[in-house]
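The sequence lines fix the lettering, A, B, ..., with proteins before strands; numbering per chain opens at 1. Heavy atoms only: backbone and side chains are in, while hydrogens, waters and symmetry mates are out.
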Amino acid sequence: MIDLRELRDDPERVRASQQARGEDPGVVDVVLSADERYRAALAGFESARAEQKAFGKKVAQAQGEQKQALLAEVKDLAARVKALEAEAGQAEQERESALRRIGNVVKDGVPVGGEDDYVVLEEVGTPRDFAAEGFAPRDHLELGELHHAIDTARGAKVSGARFYYLMGLGARLEHALMAFAQHVAQEEGFVPVVPPTLVRPEAMAGAGFLDAHADEVYRLEADDLYLTGTSEVALAGLHADEILDLSAGSLRYAATSTCYRREAGSYGKDTRGIFRVHQFTKTEMFVYCRVEDAEAEHANLLRVERRILDALELPYRVIDVAAGDLGGPAARKYDCEAWIPTQGAYRELTSTSNCTTYQARRLGTRERDPNGSGTRTVATLNGTALTSTRPIIALLENHQQADGSVVVPEALQPYLGGSKVLRPPHA
RNA sequence: GGAGGCGUCGCCUAGUCUGGUCUAUGGCGCCCGCCUGCUAAGCGGGUUUGGGGUUUAGAGCCCCAUCGAGGGUUCAAAUCCCUCCGCCUCCGCCA
């Protein structure tokens, strides 16, 4: 949720942001008119209420007949107070629901437009030329089956499409990647976390996952709980309704958890293998900081993500995601996309968003205002350290050899029992 | 799953039975000031959060809400009733 005060002070900026996102700038005016009605009604309610309270004191002191007379007199005042309160409440609700429909105000410099209007900030490494090496690369599923590492057929038998078993090497790779990601995150000062993956509606809504992409989320009807698609949700909720002390610096967490996504509306997209699945594992970084530190923290998250991808020796590029593809809570987002040889394309592996005060405002996460009295909303940011499935794809495909074996990047070797090369069982 | 108890402005706590004098008591902690070789003690003041109004803005001042959350009863609710959430104790069950 954006700051109502900022919207009142500079509605044009919010309209421009909505425009850049390709969303309706008219909501801004819906908020403004509801806000005006709210304030008018509130003033009426408050003065009536003050009158009623003063009356209450007189009633308390009065006796007998005099008291009865006062009671008769104040009765319709009570009714008026009730009506005015309801009126203010309704206007407030209209204001809030319109306000919630507005995405975070995008940062200056964010590319305008939709999914394809990203700007490439940097390309790192060079994709291998398999033709020059004299063999055609196998895709990740072929390699996974060769190594008895990935079983999508049995995943479908047991759970349905987009489920899979990781076995043997596949399972070891997932564990290795998560352990590596946690080690790096801890070295970088992130507190390791094992979060809940079932959360209440307030946590899900607070993190911003029930707005545009509500149908992406698994819901447990019987218990009114949601399965989280990322530990960002639990980490954002961690400090809900708290006043944080950030005087010693930002709070940085790294949580590893299973993630669940319905992938609704992606039928026919990335159906082969484990590129787009309903369940995977992810180590997610999350930062609480002062607003003025948010951009530096964002740069830091990107740096850590790049450190990890560099260590995995994958060719990748960094893109500045366009406004229309940001998602509601983010004011800016960088994606790191790894080269997938058999797709001949860069695909998203990790992603980091600066949500400024958008999530924290809704979740009630504040700090003492260092510039004066009172409290103010903190900023939150998130970034993927690593997931399980897509990095496995990227590693298998990019580091494969003609005989189907896979070279292990040095940084990952300690997590795989020191193996330098992974060989298929019967090769 | 069953039975019972509890939730008050950082922490502890009075108030709830018997609705109005609660503008929520007191202590601790913290902040400011006074006093003082230094420190401590002592003395005085301040110390929930959100919103509205006033204001160029801030400070200040005025007002409203806030006693776990939401509803209800009432002229009036921390106090009575209902629902929900959380914590604790006991019983049952169970990795």
If we take the [atom1] atom in both [N] and [M], what is their distance in whole Å?
N: B:C11; M: B:U47; atom1: C1'; answer: 14 Å
N: B:C67; M: B:G10; atom1: C1'; answer: 16 Å
N: B:G70; M: B:U13; atom1: C1'; answer: 27 Å
N: B:C38; M: B:G33; atom1: P; answer: 16 Å
N: B:G2; M: B:G92; atom1: P; answer: 16 Å
N: B:A3; M: B:C63; atom1: P; answer: 48 Å
N: B:G44; M: B:G26; atom1: P; answer: 13 Å
N: B:U8; M: B:A14; atom1: C1'; answer: 10 Å

Ring-ring centroid check A:F180 A:H175, cutoff 6.0 Å: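 No: the rings miss the under 6.0 Å criterion.
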Atom pair distance, as rounded to whole Å: [atom1] in [X] and [atom2] in [N]:
X: A:R362; N: B:G50; atom1: CZ; atom2: P; answer: 19 Å
X: A:D241; N: B:A69; atom1: CG; atom2: P; answer: 11 Å
X: A:E242; N: B:G86; atom1: CD; atom2: C1'; answer: 15 Å
X: A:E85; N: B:A77; atom1: CD; atom2: C1'; answer: 14 Å
X: A:L4; N: B:G50; atom1: CG; atom2: P; answer: 15 Å
X: A:E87; N: B:C64; atom1: CD; atom2: P; answer: 19 Å
X: A:R376; N: B:U49; atom1: CZ; atom2: P; answer: 16 Å
X: A:K53; N: B:A24; atom1: NZ; atom2: P; answer: 10 Å

5' precedence on RNA chain B between A:E51 and A:A43 (nearest-nucleotide basis):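 The 5'-side residue here is A:A43.
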Most 5' of A:S47 and A:A78 on RNA chain B, judged by nearest nucleotide: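 Looking at RNA chain B, the more 5' nearest nucleotide goes with A:S47.
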Carboxylate-amine/guanidinium contact A:D35 A:R39, below 4.0 Å: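 So A:D35 pairs with A:R39 through a salt bridge.
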Does [X] reach a base, just sugar-phosphate, or nothing at all? Heavy atoms under 4.0 Å.
X: A:R361; result: nothing
X: A:L42; result: sugar-phosphate
X: A:K58; result: nothing

Which one, [options], comes nearest to the side chain of [X]?
X: A:R366; options: B:U23, B:U49, B:C64; result: B:U49
X: A:R200; options: B:U23, B:G50, B:C85; result: B:C85
X: A:Y38; options: B:U49, B:G51, B:C75; result: B:G51
X: A:V59; options: B:G52, B:U49, B:G20; result: B:G20

OP1 or OP2 of [N] sitting under 4.0 Å from any side-chain N/O of [X]?
X: A:R368; N: B:U49; value: yes
X: A:R39; N: B:G51; value: no
X: A:R80; N: B:C75; value: no
X: A:R49; N: B:A76; value: no
X: A:Q52; N: B:C75; value: no

Residue pair A:Y253, A:Y288: steps toward the side chain to side chain contact (heavy atoms under 4.5 Å, CB included) verdict: CA-CA 9 Å; A:Y253 299 103; A:Y288 291 89; 3.8 Å; yes
Would you find a donor on one side and an acceptor on the other, under 3.5 Å apart, between the side chain of [X] and the backbone of [Y]?
X: A:R366; Y: A:I243; result: no
X: A:T365; Y: A:H239; result: yes
X: A:S388; Y: A:T281; result: yes

Write down the partner of [N] under the Watson-Crick or G-U wobble criteria, each distance required to be under 3.5 Å.
N: B:A40; value: none
N: B:U56; value: none
N: B:C84; value: B:G68
N: B:U25; value: none

Test side chain to side chain contact (heavy atoms under 4.5 Å, CB included) applied to A:E337 and A:L349, step by step: CA-CA 5 Å; A:E337 302 181 321; A:L349 239 60; over 6 Å; no
Donor + acceptor pair across side chains of A:Y334, A:H298 (<3.5 Å):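 No - no donor-acceptor pair under 3.5 Å links their side chains.
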Base of B:G51 paired with side chain of A:E46 (donor-acceptor, under 3.5 Å):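 By the distance-only test, yes, there is a pair.
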